[in-house]
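Numbers here simply count residues along the sequence, with the first being 1. A quick note: this is a predicted structure, and the numbers were derived from the prediction, not measured.
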Amino acid sequence: MKKFDILPIVFGVLLSIVALYFMLRSTPAQSAASSTIPVVRIGNLAWDQTEMTVADVKPYASSTGFVSAAEKKGGGLSYEGGFVQKAGWTWKAPYGVPAKDAEPAVHLNQKEAEAICHYYGKRLPTDAEWTNAAFLEQRSNPPAGYIKGQRYPFPGGSNPSPSHCLNGCGDYKGLAPAGALNRGTGHVATNTTKPGVNGMYDMGGNVWEWTATERNGGYITRGASWWYGPERQQESDIESKPGDISVVYIGFRCVADAVKQ
């Protein structure tokens with residue numbers, strides 16, 4: 001009887017395992033894109049410190065071929081005694097002229113905002129998460145003017161001075177060209193106001209922010225905008241808007257579940 005040699009079989013199996021290992025190792029892992037926006041840890045969540053910027057929407061649009069609903073319609077909306085469509089007003093040109101990279105991204109509806117957050121491995125916050133971050137100071141050693149565990153009346157703290165709004169806030173001038181708006185001066189660039197509760201920028205004022213929480217057939221927006229005075233920034237003010245609306249004063253910021261260390 002011919003002697004059976006098992007060594008070639010074992011050797012072949014080992015070669016197959018090694019080959020499979022390198023094949024799997026060489027396959028690029030799918031991971032989220034990297035955002036340029038600084039992140040702040042608040043509780044068990046990682047928050048974008050500023051509103052979503054034009055700079056961070058650009059790579060999303062470039063890699064996915066994204067064309068916003070406002071672009072498809074020829075322009076987003078502004079309020080002039082009722083919503084009015086403004087030709088050419090989109091996230092790329094919020095007031096009809098090209099935006100700077102640091103401007104908040106507006107004229108994007110709720111689903112578009114959610115998709116952009118998802119591109120960066122994040123999501124829109126719920127209303128409860130948003131108010132928890134905006135009004136309750138949670139830093140271990142907050143700077144002067146803030147006390148850990150205290151709930152403040154404004155996202156800016158005890159008063160609305162860190163924020164940008166129609167009047168009654170800080171001394172900031174928006175970026176809208178002269179004559180473009182019938183009210184207010186538009187939004188300011190991100191990271192140009194003063195930080196508020198938890199070191200966050202523009203949780204009050206500048207632009208409304210979409211949340212993931214449904215209400216009255218739409219979605220809750222928080223924080224108010226440059227179009228309103230500071231009274232709209234308070235926690236008791238719960239505003240909801242249709243999820244498919246694209247408006248000059250509505251933006252968003254993203255949040256992610258913090259990685260456990």
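Evaluation of the side chain to side chain contact (heavy atoms under 4.5 Å, CB included) rule for Gln85 yields Lys73, Leu77 as partners, not counting sequence neighbours. Taking the salt bridge (Lys or Arg N to Asp or Glu O under 4.0 Å) definition, one finds that Asp101 meets it with Lys58, sequence neighbours left out. Partners of Leu166 according to the side chain to side chain contact (heavy atoms under 4.5 Å, CB included) rule, which considers only residues two or more places apart in sequence or in another chain, are Arg183. Taking Ala128 as the reference, Thr126 meet the side chain to side chain contact (heavy atoms under 4.5 Å, CB included) condition, with sequence neighbours excluded. Residues forming a side chain to side chain contact (heavy atoms under 4.5 Å, CB included) with Glu239 (at least two apart in sequence, or on another chain): Trp208, Thr221, Arg232, Asp237, Lys241. Applying the salt bridge (Lys or Arg N to Asp or Glu O under 4.0 Å) test to Asp56 and every residue at least two apart in sequence or in another chain returns nothing. Checked against salt bridge (Lys or Arg N to Asp or Glu O under 4.0 Å), Glu80 has the following partners two or more places apart in sequence or in another chain: Lys86. Judged as a ring pair (Phe, Tyr, Trp, His ring centres under 6.0 Å), and not counting sequence neighbours, the contacts of Tyr79 are Phe83, Trp227. Legend: residues meeting salt bridge (Lys or Arg N to Asp or Glu O under 4.0 Å) with Glu209, ordered by chain and number and at least two apart, are Arg253.
Gln233 and Ser163 form a side-chain donor-acceptor contact under 3.5 Å, judged by distance and modelled atom types alone. Side chains of Trp91 and Glu112: no donor on one and acceptor on the other come within 3.5 Å.
Pairs of residues two or more places apart, or lying in two chains, that qualify as ring pair (Phe, Tyr, Trp, His ring centres under 6.0 Å) and include a residue from residues 149-199 are Tyr95-His187, Tyr146-Tyr152. Pairs of residues two or more places apart, or lying in two chains, never qualify as disulfide (SG to SG under 2.5 Å) while including a residue from residues 171-211. The disulfide (SG to SG under 2.5 Å) contacts involving residues 155-244 comprise Cys165-Cys169, where partners must be two or more places apart or lie in separate chains.
Contact check on Arg123 versus Glu129 returns a salt bridge, with a Lys/Arg side-chain nitrogen under 4.0 Å from an Asp/Glu carboxylate oxygen.
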